[in-house]
2 protein chains.
Amino acid sequence: MTFTEQHERRIPQRTIPRLSHYYRALLESREVQLISSETIAELTGYTAAQVRRDLAYFGQFGTPGRGYSVEDLKKVLLQILGIDHQWNVALIGMGNLGLALLRYRGFHEQGFNIIAGFDNDPRKVGQMIEGVKVHQMDELAEYAKRDQIRMAVVTVPASAAQAVVDQLVGVGVKAILNFAPVRLQVPGGVKIHNIDLAIELERLSFLAIHK
Amino acid sequence: MTFTEQHERRIPQRTIPRLSHYYRALLESREVQLISSETIAELTGYTAAQVRRDLAYFGQFGTPGRGYSVEDLKKVLLQILGIDHQWNVALIGMGNLGLALLRYRGFHEQGFNIIAGFDNDPRKVGQMIEGVKVHQMDELAEYAKRDQIRMAVVTVPASAAQAVVDQLVGVGVKAILNFAPVRLQVPGGVKIHNIDLAIELERLSFLAIHK
DNA sequence: CGTCATTTGTGATGACTTTCACGGAACAAC
DNA sequence: GTTGTTCCGTGAAAGTCATCACAAATGACG
Ligand SMILES: NC(=O)c1ccc[n+]([C@@H]2O[C@H](COP(=O)([O-])OP(=O)(O)OC[C@H]3O[C@@H](n4cnc5c(N)ncnc54)[C@H](O)[C@@H]3O)[C@@H](O)[C@H]2O)c1
Ligand SMILES: NC(=O)c1ccc[n+]([C@@H]2O[C@H](COP(=O)([O-])OP(=O)(O)OC[C@H]3O[C@@H](n4cnc5c(N)ncnc54)[C@H](O)[C@@H]3O)[C@@H](O)[C@H]2O)c1
């Protein structure tokens with residue numbers, strides 16, 4: 001069973017992180033060969049109807065009366081999420097956050113292979129961290145081409161983020177995860193996703209006060 | 001003008017991070033005294049109607065024909081978001097990510113005052129980082145009480161996260177930002193918000209492939 | 001083969017969220 | 001005081017998303 005790009009309907013935004021959670025649940029259930037939407041729901045905290053609906057957006061992967069094949073569904077989810085092959089990722093900005101991300105082992109296991117760090121501070125260039133070398137910014141183009149880098153993580157100060165993103169776009173990067181608290185412009189075809197930790201704290205503060 | 005808790009309607013989830021963005025926009029517009037929903041919309045990338053609707057959930061803060069007072073609206077947003085007073089925050093798990101968060105200056109400026117770090121690794125206990133001391137876990141109760149800690153950030157391995165959260169709940173923490181990729185149980189009244197960076201990368205991967 | 005228990009995929013419904021569009025409030029100008 | 005302009009607050013409409021509930025598919029069993 002494979003997922004063939006269909007895209008009849010639009011996919012709700014919140015479906016996508018749910019798919020990631022479903023995938024995690026499958027990884028934890030190695031014993032069984034078949035799993036029901038009800039079981040996936042229990043493991044993830046969603047509802048069975050939600051699970052079935054989310055999966056049905058992409059095709060028919062289950063067997064009525066039986067459930068979903070764990071092995072098949074894992075493969076399908078990897079394909080849908082685009083992590084059935086490794087992404088080569090560049091990390092720009094080797095400061096506090098950049099170093100923490102680089103030192104984290106988890107990403108590689110999940111298909112995200114940080115293959116190079118970049119920084120414009122000469123003191124940081126040349127370092128080896130977890131087997132990854134830190135380069136100066138003007139080597140970006142060379143590496144992007146050689147290693148087919150199409151995803152990048154941006155952990156530079158807000159004031160530098162737009163310039164960095166422009167450089168990334170210029171060397172063909174198509175997907176950017178940005179941690180700088182600033183709204184960035186990218187041309188169509190390039191996807192950017194922002195994580196703003198201060199805003200997440202504020203969201204938590206709101207929840208704690210009001211609900 | 002002040003925001004007095006009304007809570008007639010339910011607030012859409014996505015309103016809250018938008019309020020944070022509106023607040024940021026106001027910080028950047030020091031010159032003007034009045035600002036229109038249209039201008040806030042331009043600065044933040046939302047629509048004017050969305051801005052007005054979001055603010056109207058909490059009261060009437062604008063003047064027809066004029067706009068919103070920047071000063072007043074800033075105060076109102078601070079109140080709504082619960083960051084008009086400092087939150088004392090504990091950080092549990094002084095590893096890669098915990099250290100990066102501790103070294104970041106931005107949080108303090110935005111009302112989140114990380115006043116103590118905690119770790120169960122004796123080698124990390126006793127360190128001073130950015131003026132914040134790292135304590136052993138059994139000192140948590142003492143500090144939580146003395147410094148009225150009601151918010152915590154959890155950056156321990158997934159396997160330890162539930163135990164840590166249980167301890168935090170036990171000492172009266174009401175709001176938890178969790179970075180461990182695991183679903184955590186908390187009693188009612190305690191708010192937990194999860195940030196799962198691997199899932200954010202997967203979301204980006206999906207976007208880059210499909211849209 | 002027929003019956004039964006199970007569980008998917010989906011039309012229908014309802015809930016939630018955003019957008020539209022306008023009445024009316026506010027003020028400037030004359 | 002009247003007119004004109006601006007722009008908020010909100011009812012109504014449109015759009016999006018989650019849940020309900022069931023027909024149909026599957027296999028176990030006798
Ligand atoms: N550290 C955190 O916990 C944290 C939390 C929330 C948000 N952020 C955001 O993440 C970003 C990074 O934070 P940080 O604490 O790691 O900052 P940092 O100052 O420690 O690191 C930034 C790095 O980017 C490099 N840099 C600056 N300009 C550059 C350029 N033009 N090209 C390449 N490299 C450049 C610097 O040399 C430095 O190494 C910031 O935007 C910050 O607002 C960080
Ligand atoms: N570092 C990253 O970039 C990154 C990215 C994504 C997710 N995460 C998640 O964030 C968490 C932390 O990641 P990290 O890379 O900083 O890990 P790390 O191993 O560097 O740090 C974890 C710290 O927690 C401490 N710890 C362990 N058990 C504890 C307990 N019971 N009580 C108190 N302290 C305890 C350890 O001593 C260590 O200092 C993990 O759950 C990880 O999956 C991290």
Side-chain angles (χ1 to χ4, degrees), chain A residues 1 3-4 6-19 21-22 25-26 29 32-70 72-73 76-77 80 203 206 210-211, chain B residues 1 3-4 6-19 21-22 25-26 29 32-73 76-77 80 203 206 211:
Chain A
M1 186 179 310
F3 156 65
T4 51
Q6 305 188 349
H7 246 249
E8 304 141 7
R9 314 192 196 184
R10 242 190 95 266
I11 312 298
Q13 294 212 354
R14 299 187 56 194
T15 288
I16 302 149
R18 283 196 297 265
L19 296 179
H21 285 124
Y22 303 156
L26 295 183
S29 53
V32 287
Q33 294 189 347
L34 287 167
I35 192 167
S36 68
S37 58
E38 185 58 46
T39 305
I40 297 176
E42 279 167 23
L43 291 170
T44 55
Y46 301 112
T47 66
Q50 182 77 78
V51 172
R52 292 200 298 278
R53 175 71 75 194
D54 282 339
L55 296 175
Y57 284 128
F58 298 93
Q60 307 201 158
F61 308 118
T63 311
R66 316 293 340 270
Y68 300 88
S69 152
V70 172
D72 288 355
L73 195 51
V76 165
L77 287 173
I80 294 172
R203 190 203 298 252
F206 176 93
H210 294 82
K211 299 209 175 159
Chain B
M1 186 180 309
F3 156 65
T4 51
Q6 304 187 353
H7 247 248
E8 305 140 5
R9 312 192 199 185
R10 243 190 97 265
I11 312 299
Q13 293 215 355
R14 299 187 54 193
T15 288
I16 302 149
R18 283 197 298 266
L19 295 179
H21 285 124
Y22 304 155
L26 296 182
S29 52
V32 288
Q33 294 189 345
L34 287 167
I35 193 167
S36 68
S37 58
E38 185 57 46
T39 304
I40 298 177
E42 279 166 22
L43 291 171
T44 54
Y46 302 112
T47 66
Q50 182 80 80
V51 172
R52 292 200 297 278
R53 176 70 76 193
D54 281 340
L55 296 175
Y57 285 127
F58 298 94
Q60 306 201 159
F61 308 118
T63 312
R66 315 298 333 275
Y68 299 89
S69 152
V70 172
E71 277 315 305
D72 288 355
L73 194 51
V76 165
L77 287 173
I80 294 172
R203 190 202 300 253
F206 175 93
K211 298 207 176 163

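Proteins come first, then strands; the chains are lettered A, B, ... in the order of their sequence lines, and each starts at number 1.
No hydrogens or angles were tested; on distance alone, a donor-acceptor pair under 3.5 Å links the side chain of B:Arg53 to the base of D:dG11.
The residue B:Ser37 sits close only to the backbone: its heavy atoms come under 4.0 Å of sugar-phosphate atoms, none of a base. Backbone-only contact: B:Arg66 has heavy atoms under 4.0 Å from sugar-phosphate atoms and none from a base. Contacts of A:Glu38 with the nucleic acid, taken as non-hydrogen atoms under 4.0 Å apart, are absent.
Rounded to whole angstrom, the span from the CZ atom of A:Arg14 across to the P atom of C:dT18 amounts to 11 Å. One can place CG of A:Leu34 at 19 Å from P of D:dA25, the figure rounded to the nearest angstrom. Distance, A:Arg10 CZ to D:dA18 P: 11 Å, rounded to whole Å. Separating the CD atom of B:Gln13 from the C1' atom of C:dT18 is a distance of 15 Å, rounded to the nearest angstrom. Here the P atom of nucleotide D:dC7 and the CG atom of B:Leu55 are 15 Å apart, to the nearest Å. Whole-Å rounding puts the B:Ile11 CD1 to C:dT18 P distance at 12 Å. Atom CG in B:Leu19 sits roughly 15 Å away from atom C1' in C:dT17 (whole-Å rounding).
One finds a side-chain N or O of B:Gln50 lying less than 4.0 angstrom from the OP1 or OP2 phosphate oxygen of C:dT18. The side chain of A:Arg52 places no N or O atom within less than 4.0 Å of a non-bridging phosphate oxygen (OP1 or OP2) of D:dT19. Taking only side-chain nitrogens and oxygens, A:Arg18 comes nearer than 4.0 Å to OP1 or OP2 of D:dA18. In this structure, A:Thr47 reaches the D:dT19 phosphate: one of its side-chain N or O atoms is under 4.0 Å from OP1 or OP2. At the phosphate of D:dT10, OP1 or OP2 sits under 4.0 Å from a side-chain N or O atom of B:Gln60. Put simply, A:Tyr68 has no side-chain N or O that comes within less than 4.0 Å of OP1 or OP2 on D:dT26. Contact between the side-chain N/O atoms of B:Tyr57 and the OP1/OP2 oxygens of C:dT18 is not found at any separation under 4.0 Å.
Remark: B:Glu42 CD is packed, more than 12 non-hydrogen atoms of other residues, nucleotides or ligands lying under 6.0 Å away.
A pairwise comparison of heavy atoms in A:Ile11 and A:Tyr57 identifies CD1-CB, 3.7 Å as the closest pair. Closest non-hydrogen pair, A:Ala48 versus A:Ala41, comes out as N-CB, 3.5 Å. Between B:Val76 and B:Phe61 the shortest heavy-atom distance is CG1-CZ, 3.6 Å.
Of the candidates D:dT26, C:dA25, D:dA18, D:dT26 carries the atom nearest the A:Pro64 side chain, counting heavy atoms from C-beta on. Among C:dC20, C:dG9, C:dT18, the nucleotide with an atom closest to any side-chain atom of A:Ala56 is C:dG9.
Among residues two or more places apart in sequence or in another chain, the side chain to side chain donor-acceptor pair (under 3.5 Å) test is passed with B:Arg18 by B:Thr15, B:Asp54. Take B:Tyr68 and apply the ring pair (Phe, Tyr, Trp, His ring centres under 6.0 Å) test, not counting sequence neighbours, and it matches no residue.
Checking side-chain atoms of A:Ser29 against main-chain N and O of A:Val32 turns up no donor-acceptor pair under 3.5 Å. No donor-acceptor pair under 3.5 Å is formed between the side chain of A:Thr63 and the backbone N or O of A:Arg66.
Two end axes, each from the C1' atoms of five base pairs, can be drawn for the helix from C:dC1-D:dG30 to C:dC30-D:dG1; they diverge by 0°, to 10 degrees.
Two residues, B:Ser36 and A:Thr63, neighbour DNA chain D, and the one matched to the more 5' nucleotide by heavy-atom proximity is B:Ser36.
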